[in-house]
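Report on one structure; see the data block that follows.
The figures here come from the full heavy-atom set of this structure, side chains too, leaving out hydrogens, waters and symmetry mates. Chain naming here is simple, since letters A, B, ... match the order of the sequence lines and numbering starts at 1 in each.
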Amino acid sequence: MPELPEVETTRRGIEPHLRGQRVARVIVRHPQLRWPIPTDLAAQLTGHVISEVQRRAKYLLLPFAHGQLIMHLGMSGSLRIVPAAQPVKKHDHVDIELSSGQALRFTDPRRFGAVLWQPTDTELHPLLADLGPEPLTDEFNGAYLFERSRGRSAAVKTFLMDGHIVVGVGNIYANEALFSAGIRPDRAAGKISLARYEALAQEVKVVLARSIKQGGTTLRDFVGGDGNPGYFRQQLQVYGRGGEACVICATVLDEVRLGQRSTVYCRRCQR
DNA sequence: ATAATCACCTGCTCGC
DNA sequence: TGCGAGCAGGTGATTA
């Protein structure tokens, strides 16, 4: 379910409940996620105090002196703070119980998510090593996109969703940002001008920031760490609206597949 | 190196 | 009401 705004919403929701808490117990009910949960996870975490929750791309990180916990929500994952005694449901795979009596509960029906442990000794974890810049930093801008895209024939939407180029822009926000920037999603990335990439970078930042402010986009059942849904859905201009009227010019929005992902755009507003 | 496809897994919606 | 097909917020691995 989550793109960057949903992950950041989760981070902000859970951090106040985790900060300063000691891990009392770790329960792994279903270790088979995208990769197996390390068998020593409980041994690594139990008794240690959580200092903060960081985010890099769509990964949530709990740093400790002796290593870090890496979590990813995949397509359908969520993390919530619940009373440790709250009965579990079908897809509640992991509980990290805290000294407060609450637990951080990892739920993920499709199990595309991940819970990993990385000891401190090694360098950057391979999953984090080759990631592009964070979209909400100055490092990510039109000039950067322009430079990285030269010579590339792939569709600009696919390019924008490539985590090696920039992290955190998933299918929803790629569709939205391209609409706001007036760029057709299937245009070759290498043939777009600097000026248009400046607009695109700007719109990526705007749409992500706005969504974070509203607690993310709840499509099916996304809830932040506090259990509240996100309210950005009602502001989506193209995602999920194929066949409906463009909010700008009322032209019927086209829906096509690009790199196996549903892609919606206005053939009149986006060129 | 880049591009396209596959794979992982469950649940839901749609059409018959 | 039941059933198969297709699709869903991600992304590493594999293949040309």
Side-chain angles (χ1 to χ4, degrees), chain A residues 1-11 29-37 55-60 70-79 89-93 106-116 124-132 135 147-177 185-191 204 207-208 211-212 214-224 229-236 238-243 255-264:
Chain A
M1 53 171 82
E3 294 193 31
L4 189 144
E6 291 72 47
V7 178
E8 178 61 22
T9 295
T10 297
R11 191 194 70 76
R29 301 186 185 84
H30 196 143
Q32 206 55 53
L33 301 179
R34 176 151 197 196
W35 298 281
I37 294 177
R55 178 187 60 75
R56 172 71 175 113
K58 296 170 189 167
Y59 294 94
L60 289 169
I70 301 176
M71 295 181 287
H72 195 289
L73 302 178
M75 288 274 263
S76 59
S78 63
L79 280 168
K89 296 209 247 181
K90 190 172 180 186
H91 301 294
D92 295 340
H93 304 316
F106 179 89
T107 305
D108 185 7
R110 291 178 74 178
R111 289 189 275 120
F112 287 177
V115 177
L116 301 168
L124 209 45
H125 191 280
L127 288 172
L128 306 175
D130 296 311
L131 297 175
E147 185 249 312
R148 290 298 305 268
S149 62
R150 291 311 89 180
R152 300 189 59 150
S153 62
V156 60
K157 175 160 175 272
T158 310
F159 173 74
L160 188 61
M161 291 176 67
D162 182 346
H164 302 285
I165 302 302
V166 58
V167 301
V169 185
N171 199 35
I172 296 177
Y173 300 109
N175 277 296
E176 294 298 313
D186 59 353
R187 180 128 292 176
K191 294 173 64 178
V204 167
V207 72
L208 291 177
S211 182
I212 290 171
Q214 312 221 7
T217 301
T218 291
L219 251 34
R220 295 187 172 72
D221 52 1
F222 173 80
V223 287
Y231 295 100
F232 193 68
R233 180 179 193 173
Q234 47 214 98
Q235 308 201 21
L236 297 176
V238 285
Y239 181 85
R241 297 193 62 244
E255 178 153 12
V256 299
R257 296 196 78 72
L258 224 48
Q260 337 270 73
R261 311 302 296 258
S262 143
T263 301
V264 184

Review point. Within less than 4.0 Å of OP1 or OP2 of dG11(B), is there a side-chain N or O belonging to K90(A)?
Key: yes
Exercise for review: Could you say whether the aromatic ring of F112(A) and the base of dC8(B) stack, counting only centre distances under 5.5 Å and plane angles under 30°?
Suggested key: yes
Review point. Is the base of dC9(B) touched by the side chain of R110(A) through a donor-acceptor pair closer than 3.5 angstrom?
Key: yes
Practice item. Please state how far atom CD in Q260(A) lies from atom P in dA4(B), giving the value in whole angstrom units. Key: 10 Å
Review point. Can you name the closest pair of heavy atoms from E3(A) and V169(A) and give their distance?
Key: OE1-C, 3.9 Å
Check your understanding: Can you find a side chain N or O atom of R261(A) that sits less than 4.0 Å from OP1 or OP2 on dC7(C)?
Key -> no
Review point. Considering only the P atoms, how many Å lie between dC9(B) and dT14(C), rounded to the nearest integer?
Key: 15 Å
Review point. Between dG12(C) and dG11(B), how far is it from one C1' atom to the other, in whole Å?
Key: 23 Å
Check your understanding: Roughly how far apart, to the nearest Å, are dC7(C) and dT5(B) at atom P?
Key -> 14 Å
**Study point:** Distance, rounded to the nearest Å, where H93(A) contributes NE2 and dC9(B) contributes P
**Key:** 12 Å
Practice item. Measure up the H72(A) and Y59(A) rings against each other and bin them: parallel (under 30°), tilted (30 to 60°), perpendicular (over 60°). Key: perpendicular
Practice item. Report the distance from atom NE2 of H30(A) to atom C1' of dT10(B), rounded to the nearest whole Å. Key: 11 Å
**Study point:** Distance below 4.0 Å between S262(A) side-chain N/O and dA8(C) OP1 or OP2
**Key:** yes
**Study point:** Nearest-angstrom distance from the residue atom CH2 of W35(A) to P of dG10(C)
**Key:** 14 Å
Exercise for review: Using whole Å, report how far CZ of R111(A) lies from P of dA7(B).
Suggested key: 18 Å
Check your understanding: Once you round it to whole Å, what is the distance between P of dA4(B) and CZ of R152(A)?
Key -> 10 Å
Practice item. Dot-bracket for DNA chain B, please, read 5' to 3', with Watson-Crick or G-U wobble pairs under 3.5 Å on both distances, ( ) within the strand, [ ] crossing, | other strand, . unpaired. Key: .|||||||.|||||||
Exercise for review: Look at Y239(A) and dG9(C) and indicate whether a side-chain polar atom (N or O) is within less than 4.0 Å of OP1 or OP2.
Suggested key: yes
Study note, to complete from the structure: Sequence neighbours excluded, the answer for side chain to side chain donor-acceptor pair (under 3.5 Å) partners of T158(A) is none
Exercise for review: Would you indicate what T158(A) reaches in the nucleic acid, counting non-hydrogen atoms under 4.0 angstrom: base, sugar-phosphate, or nothing?
Suggested key: nothing
Review point. Using the ring of each side chain (for Trp, its six-membered ring), is H93(A) parallel, tilted or perpendicular to F106(A), with breaks at 30° and 60°?
Key: tilted
Practice item. Considering non-hydrogen atoms only, spot the tightest contact between L128(A) and R56(A) and give its length. Key: CD2-CG, 4.4 Å
Check your understanding: Do N171(A) and M161(A) come within less than 4.5 Å of each other through their side chains, counting heavy atoms only?
Key -> yes
Check your understanding: What pair of heavy atoms forms the shortest contact from P135(A) to V167(A), and how long is it?
Key -> CD-O, 3.1 Å
Practice item. Answer yes or no: does a side-chain N or O of H72(A) lie under 4.0 Å from OP1 or OP2 of dT11(C)? Key: yes
Review point. What about R34(A): does its side chain form a donor-acceptor pair under 3.5 Å with the base of dT11(C)?
Key: yes
**Study point:** Minimum heavy-atom distance N175(A)-V264(A), with the two atoms named
**Key:** OD1-N, 3.0 Å
Review point. Given atom CG of L33(A) and atom C1' of dA7(B), what is their separation to the nearest angstrom?
Key: 16 Å
Practice item. Give one of base, sugar-phosphate or nothing for G163(A), where a contact means two heavy atoms less than 4.0 Å apart. Key: nothing
Check your understanding: Is S153(A) near enough to dA3(B) that one of its side-chain N or O atoms lies under 4.0 angstrom from OP1 or OP2?
Key -> yes
Exercise for review: Would you tell me if any nitrogen or oxygen in the side chain of H91(A) comes within less than 4.0 Å of OP1 or OP2 on dG11(B)?
Suggested key: yes
Review point. Taking CZ from F159(A) and P from dA1(B), how many angstroms apart are they, rounded to a whole number?
Key: 16 Å
